[in-house]
**Student:** 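Before I ask anything, here is the structure I am working with.
Only heavy atoms go into these numbers, but all of them, side chains included; no hydrogens, no water, no symmetry mates.
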Amino acid sequence: MRHATEHADVPTAELDTALRGGPFHVALRAAIAARGLPLQRVQHHLSRHGVKVGVTSLSYWQQGARRPQRPESLRAVRALEEILQLPEESLIRLLAEADERATADRPAGRSYRSLIEASDVLDRLTAGLDWSLDGGLQTLGHHECVRIGAGRELASREAHHIVRAHRDGVDRFVAVHHGDPGCDPRRITVHALENCRTGRLRWDRDTGVLVAELLFGTRLRSGDTFLFRYVVEDGTAGPSREYLHRFGHPGGQYALQVRFDPAALPVRCHRFAQHSAAAPRSGRQELSVTGPHHCAHVVEPRIRPGVVGIAWDWAGTGSERNAVADPPGRGSPVGPDRE
């Protein structure tokens with residue numbers, strides 16, 4: 001009996017090590033071995049979760065010959081975590097870390113670690129501002145316009161919000177700006193443009209996070225709608241390579257437009273999405289920057305929890321896609337919360 005226990009401990013120990021350090025395919029292979037499941041049984045369990053994945057794909061995944069990336073593949077990975085009795089997002093996290101290594105030539109990209117650090121800082125900065133997680137407001141519409149300057153920097157971001165109060169007494173909104181690496185939040189300014197005025201400001205230089213209180217000048221009753229607009233003037237960091245928005249709650253329409261200075265046009269531009277900060281990016285769609293306005297945009301009809309953004313490449317920099325991913329397929333798009 002003791003020998004059987006020791007034998008069972010071997011794959012378990014290998015699994016613990018793989019889940020801590022990865023890579024994804026080693027952890028997946030160790031998890032399947034630790035549960036003693038042949039791939040056909042794994043496939044059967046996945047089908048019971050409403051996910052269809054071929055045995056060949058599972059084999060490729062655990063060999064490292066192919067990496068799950070499409071939305072349906074990521075659903076399968078989350079189901080595998082449950083089937084194989086793994087901690088939540090343990091495999092998803094390893095995929096995200098692999099993406100970070102693959103995008104090492106894009107230093108301004110938002111890593112999983114930077115988003116988590118920014119979230120921790122946000123909790124500290126908003127303490128004492130009488131601000132709850134959702135602020136007592138539901139988003140009906142949210143439009144952002146990001147302007148990239150002639151030096152390739154994130155020059156400014158204008159936001160227009162349409163909200164509805166879901167409790168009485170709401171009189172403010174806390175805007176969050178997460179600047180690019182190297183920014184100086186002490187030099188970033190926030191200007192109220194319509195139906196609000198700026199209140200208190202807080203920032204953290206290490207993460208580049210700035211929070212600004214926007215006061216409505218009136219107290220909303222539950223069910224009241226309200227429109228307000230403000231702009232963040234940044235321009236304190238080096239070349240920007242992406243803009244993303246992280247949503248914690250479902251809501252209405254979200255539109256993001258990135259406007260490039262005519263003297264600083266990218267060579268490529270695409271949208272992306274993430275189910276969570278720990279998930280790898282998916283929903284890639286190429287965007288064109290054409291016409292006299294030099295803009296690219298995305299529109300999400302309904303906000304869903306997760307991340308949506310636009311990324312671009314400058315001339316003279318490497319492509320961000322070095323890792324082998326799933327072959328193209330029909331993946332449905334998915335929509336630090338900056339607000």
Side-chain angles (χ1 to χ4, degrees), residues 103 105-111 114-115 118 121-122 125 142-161 173-194 196-198 201-214 228-246 254-272 287-299 307-317 320 336-339:
T103 58
D105 59 333
R106 295 176 58 86
R110 300 290 182 199
S111 67
S114 71
L115 288 176
V121 166
L122 182 59
L125 294 180
H142 181 185
H143 298 169
E144 288 190 290
C145 182
V146 173
R147 184 170 60 85
I148 305 300
R152 300 180 174 181
E153 79 285 2
L154 193 162
S156 67
R157 173 178 68 86
E158 183 175 323
H160 183 188
H161 290 262
F173 177 81
V174 173
V176 182
H177 180 75
H178 190 180
D180 283 323
C183 75
D184 185 353
R186 298 172 302 176
R187 295 164 48 209
I188 297 173
T189 59
V190 181
H191 302 284
L193 299 180
E194 192 172 8
C196 62
R197 63 181 176 86
T198 54
L201 299 178
R202 300 285 187 273
W203 62 77
D204 180 81
R205 189 172 183 180
D206 291 339
T207 58
V209 173
L210 176 143
V211 298
E213 190 178 46
L214 297 170
F228 62 98
R229 191 164 57 94
Y230 67 93
V231 64
V232 178
E233 300 286 350
D234 192 336
T236 65
S240 181
R241 292 175 172 83
E242 66 180 28
Y243 180 87
L244 60 84
H245 195 110
R246 183 177 173 189
Y254 174 68
L256 168 62
Q257 176 179 274
V258 179
R259 183 187 301 274
F260 296 92
D261 188 279
L265 299 179
V267 293
R268 284 177 299 275
C269 190
H270 69 270
R271 84 175 290 281
F272 64 88
L287 302 174
S288 60
V289 182
T290 58
H293 305 298
H294 309 299
C295 296
H297 76 275
V298 295
V299 177
V307 174
V308 64
I310 295 177
W312 52 90
D313 292 316
W314 300 113
T317 62
E320 74 278 16
D337 192 341
R338 296 189 183 236
E339 268 84 66

**Student:** Is there a side-chain contact between Y230 and R157 in this structure, where contact means two heavy atoms from C-beta onward sitting under 4.5 Å apart?
**Tutor:** yes
**Student:** Give me the atom names and distance for the closest heavy-atom approach of A150 to A264.
**Tutor:** O-CB, 3.7 Å
**Student:** Under a 3.5 Å distance rule, please check whether W314 uses its side chain to pair with a backbone N or O of S240 as donor and acceptor.
**Tutor:** yes
**Student:** Is the closest side-chain heavy-atom distance between T198 and L214 below 4.5 Å?
**Tutor:** yes
**Student:** Using the test salt bridge (Lys or Arg N to Asp or Glu O under 4.0 Å), find all partners of E153 that sit at least two apart in sequence or belong to another chain.
**Tutor:** none
**Student:** How would you list, by chain and number, every residue that makes a side chain to side chain contact (heavy atoms under 4.5 Å, CB included) with T236, sequence neighbours excluded?
**Tutor:** C183, D184, R187, I188, D234
**Student:** Grab the two heavy atoms, one from F173 and one from F228, that are nearest each other, plus how far apart they are.
**Tutor:** CG-CZ, 3.6 Å
**Student:** Side chains of L210 and V232: closer than 4.5 Å at any heavy-atom pair?
**Tutor:** no
**Student:** List in chain and number order the residues that pass side chain to side chain donor-acceptor pair (under 3.5 Å) with H143, two or more places apart in sequence or in another chain; answer none if no residue qualifies.
**Tutor:** Q253
**Student:** For R229, check salt bridge (Lys or Arg N to Asp or Glu O under 4.0 Å) against everything at least two apart and list the hits.
**Tutor:** E158, E194
**Student:** Got a sec, which residues hit side chain to side chain contact (heavy atoms under 4.5 Å, CB included) with C269, two or more places apart in sequence or on another chain?
**Tutor:** L287, V289, A296, I310, W312
**Student:** Step through it carefully: locate the ring centre of H294, locate the ring centre of F260, and say whether they are under 6.0 Å apart.
**Tutor:** no
**Student:** With sequence neighbours excluded, tell me which residues meet side chain to side chain donor-acceptor pair (under 3.5 Å) with T189.
**Tutor:** H191
**Student:** Hey, are the side chains of H177 and L154 touching, using non-hydrogen atoms and a 4.5 Å cut-off?
**Tutor:** yes
**Student:** Check side chain to side chain donor-acceptor pair (under 3.5 Å) between H297 and all other residues, then give those that pass, not counting sequence neighbours.
**Tutor:** none
**Student:** Test side chain to side chain contact (heavy atoms under 4.5 Å, CB included) on L125 and V209 and set out the steps.
**Tutor:** CA-CA 9 Å; L125 294 180; V209 173; 3.8 Å; yes
**Student:** Supply the atom-to-atom distance R152 CZ to L265 CG, rounded to the nearest 0.5 angstrom.
**Tutor:** 10.0 Å
**Student:** Would you please name every residue forming a salt bridge (Lys or Arg N to Asp or Glu O under 4.0 Å) with D261, sequence neighbours left out?
**Tutor:** none
**Student:** Anything under 30° is parallel, anything over 60° is perpendicular, the rest tilted; go ahead and classify H142 against Y254.
**Tutor:** perpendicular
